[in-house]
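What follows is one structure encoded as structure tokens, with my remarks underneath.
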Number of protein chains: 2
Amino acid sequence: MTSERPRTRIQRRNRHAILDAALVVFSQHGFRGATLDQIAAEAGLSKPNLLYYFPSKEAIHETLLAGLLKTWLDPLRALDPAGEPVAELLGYVRRKLAMSRDFPRESRLFANEILQGAPRIAPTLGGELKSLVDEKAAVIAGWSAAGRIADVDPYHLIFSIWALTQHYADFDVQVRAVLGEERGDPLDGAERHLVMLFTRLLTP
Amino acid sequence: MTSERPRTRIQRRNRHAILDAALVVFSQHGFRGATLDQIAAEAGLSKPNLLYYFPSKEAIHETLLAGLLKTWLDPLRALDPAGEPVAELLGYVRRKLAMSRDFPRESRLFANEILQGAPRIAPTLGGELKSLVDEKAAVIAGWSAAGRIADVDPYHLIFSIWALTQHYADFDVQVRAVLGEERGDPLDGAERHLVMLFTRLLTP
DNA sequence: GAAACGTTTGACCGGGCGGTCAGGAACACG
DNA sequence: CGTGTTCCTGACCGCCCGGTCAAACGTTTC
């Protein structure tokens with residue numbers, strides 16, 4: 001893969017600006033819905049200049065996804081087999097929810113990719129993602145068998161955490177439309193609710 | 001709105017074929033990502049013939065969304081204030097999960113629309129959807145106050161049901177990639193898991 | 001069978017798209 | 001200051017997209 005680090009400061013700045021702009025545009029319109037002109041405008045650059053730094057639209061998208069996947073899986077990697085089970089899982093929920101709060105565009109970029117059949121990251125899903133989940137699922141299954149948490153299917157537990165936390169980023173518009181403008185940040189209520197939900201679910 | 005019913009049988013057949021094909025294509029590629037040629041090919045018609053039955057690409061999409069929203073909200077409408085609270089809510093979960101099983105493309109069409117900021121159904125979200133949810137949230141809050149179910153935020157409870165059930169349709173590729181091909185239908189495991197989850201959450 | 005109407009299509013159009021290219025501007029370094 | 005290198009851009013290209021249209025084809029009706 002092309003992993004040459006940017007040499008000059010101007011390169012770093014512009015590549016960064018492009019990826020930032022691309023994240024905004026791709027996450028809102030999806031890959032096909034986004035245009036290079038939009039990204040260029042958002043980045044404050046000309047379209048040919050974009051293609052000076054990246055060989056193609058595809059390449060920008062791929063770079064974005066590759067960078068995303070690492071940070072996206074970190075919260076799960078941090079799940080400590082040696083920790084207190086319920087606290088560990090609640091910590092995972094909180095970290096994941098924090099990502100929905102702090103990186104909603106990353107979440108939507110990912111959701112867009114999966115929705116469209118994951119054409120560009122299918123191998124990663126069946127490879128890196130699957131083996132990480134397998135590993136952590138085994139840990140959870142161990143906790144379950146030892147009676148330290150309630151008896152739950154570890155895979156569906158993980159899916160539940162993903163679904164419940166990412167929902168607040170991906171379906172943000174709907175959440176806000178339903179809650180109206182009065183209430184405070186939906187994410188605050190969500191955190192209380194989810195901590196309660198998983199506490200009730202997991203304590204034996 | 002254009003609500004003239006199709007007169008002849010050939011009209012009904014072709015309009016239906018177009019909407020069917022459009023659902024397949026729109027749900028996979030999103031509005032901008034889909035092309036009339038794709039829809040026409042999927043429907044087995046020529047592109048100009050598509051535009052004989054619908055005035056524009058937009059019109060096809062709108063027709064699809066309008067028809068979708070009704071069926072999409074029916075499971076929530078069926079929530080009976082007079083029923084037994086836990087059973088009612090579990091029934092809602094099951095109906096919603098059945099929709100993910102039977103109409104995954106409808107779910108993805110909806111998800112695509114929300115992800116992109118709901119440009120075409122924002123009014124409906126703040127109107128029809130909000131008032132329905134408000135109504136049912138009041139019912140659930142009543143059950144909560146009466147001690148017939150545990151003390152939960154009714155809005156976030158409803159969000160949780162949406163998130164957990166739709167996840168299996170919208171993120172189907174990811175779910176299957178993680179679970180591998182061995183296991184049976186993910187939806188079977190999901191149903192057991194979700195029934196357990198909501199039983200634990202809701203019983204006082 | 002001919003008129004009248006509903007249905008289908010090939011050919012076409014203007015605009016927007018991803019991408020190219022030749023050359024100019026800005027900078028680094030002696 | 002000169003020169004090599006990096007950075008940037010206007011103009012352009014070919015393709016694809018949504019949509020149009022005139023004409024042909026089918027079907028019904030009398």
Side-chain angles (χ1 to χ4, degrees), chain A residues 2-65 109 112-113 116 119-120, chain B residues 2-65 109 112-113 116 119-120:
Chain A
T2 67
S3 55
E4 318 166 16
R5 287 290 86 202
R7 311 283 146 84
T8 79
R9 271 171 208 95
I10 204 167
Q11 275 198 17
R12 183 153 30 231
R13 170 170 56 84
N14 281 347
R15 283 184 64 102
H16 194 207
I18 292 170
L19 290 175
D20 251 28
L23 176 61
V24 171
V25 177
F26 279 137
S27 67
Q28 193 174 1
H29 302 291
F31 180 74
R32 296 220 28 201
T35 74
L36 287 181
D37 295 86
Q38 282 176 288
I39 299 174
E42 179 79 25
L45 298 173
S46 68
K47 185 169 63 170
N49 205 9
L50 240 69
L51 295 161
Y52 172 74
Y53 288 101
F54 291 90
S56 69
K57 183 186 178 184
E58 279 265 351
I60 302 178
H61 195 247
E62 274 171 24
T63 305
L64 226 41
L65 279 181
L109 178 72
N112 254 308
E113 179 68 12
Q116 320 207 339
R120 292 159 234 276
Chain B
T2 67
S3 55
E4 318 164 15
R5 285 291 87 201
R7 311 282 146 84
T8 78
R9 270 172 211 91
I10 204 166
Q11 275 198 15
R12 183 151 31 231
R13 170 169 58 83
N14 281 348
R15 283 184 64 102
H16 195 219
I18 291 170
L19 290 175
D20 252 27
L23 176 60
V24 171
V25 177
F26 280 137
S27 68
Q28 194 173 0
H29 302 290
F31 179 75
R32 297 221 25 204
T35 73
L36 286 180
D37 295 87
Q38 283 177 287
I39 299 174
E42 179 78 27
L45 298 173
S46 68
K47 185 171 62 172
N49 205 8
L50 240 68
L51 295 162
Y52 172 74
Y53 289 101
F54 290 89
S56 69
K57 184 186 178 184
E58 280 264 351
I60 302 178
H61 195 247
E62 273 171 25
T63 306
L64 226 40
L65 279 181
L109 179 72
N112 255 307
E113 179 67 12
Q116 320 207 341
R120 293 159 232 279

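Just so it is clear, the values below take in all heavy atoms, side chains as well, and ignore hydrogens, waters and symmetry mates. In the text below, chain A, chain B and the rest are named by the order of the sequence lines, each starting its count at 1.
Across D/dT9, C/dT9, C/dG19, the shortest atom-to-atom separation from the side chain of B/Asn49 is found for C/dT9.
Protein atom CG of B/Leu45 is 19 Å distant from nucleotide atom P of D/dC25, rounded to whole Å. Between B/Ile39 atom CD1 and D/dC17 atom C1' the separation is 12 Å, expressed in whole Å. Atoms NZ (B/Lys57) and P (C/dG15) sit 18 Å apart, rounded to a whole Å. Rounded to whole Å, atom P of D/dG18 lies 13 Å from atom NE2 of B/His61. Atom P of nucleotide C/dA26 and atom CG of A/Asn14 are separated by 15 Å, given to the nearest angstrom. Between B/Asp37 atom CG and C/dC12 atom C1' there is a gap of 14 Å when expressed in whole angstrom units. At whole-Å resolution of the value, CD in A/Glu58 and P in C/dG19 are 8 Å apart. As a whole-Å value, the separation of B/Leu36 CG from D/dT20 P is 11 Å.
Below 30°, between 30° and 60°, or above 60°: for A/His61 and A/Phe26 the angle between ring planes is above 60°, a perpendicular geometry.
Closest-nucleotide positions on DNA chain D for B/Pro48 and A/Pro48 were compared, and the one nearer the 5' end corresponds to A/Pro48. Both B/Arg13 and B/Lys47 lie close to DNA chain C; mapped to their nearest nucleotides by heavy-atom distance, the more 5′-ward contact belongs to B/Arg13. Closest-nucleotide positions on DNA chain C for A/Gln38 and A/Ile10 were compared, and the one nearer the 5' end corresponds to A/Gln38.
With rounding to the nearest 0.5 angstrom, the CG atom of A/Asn14 is 10.0 Å from the OH atom of A/Tyr52. Expressed to the nearest 0.5 Å, how far CZ of A/Phe31 lies from CG of A/Leu65 amounts to 10.0 Å. Of the inter-residue distances, the one linking A/Arg32 atom CZ with A/Gln116 atom CD reads 9.5 Å to the nearest 0.5 angstrom. From B/Ile39, atom CD1 reaches atom CD1 of B/Ile60 across 5.0 Å, with rounding to the nearest 0.5 Å.
Among the atoms of the strands shown, only primed sugar atoms or phosphate atoms (P, OP1, OP2) are found under 4.0 Å from some heavy atom of A/Ala34. Contact annotation for B/Tyr53: backbone-only contact, meaning every heavy-atom pair under 4.0 Å involves sugar-phosphate atoms and none involves a base.
The shortest distance between the side-chain N/O atoms of B/Tyr52 and the OP1/OP2 oxygens of C/dT7 is below 4.0 Å. The phosphate of D/dT6 (OP1 or OP2) has no side-chain N or O of A/Gln11 nearer than 4.0 angstrom.
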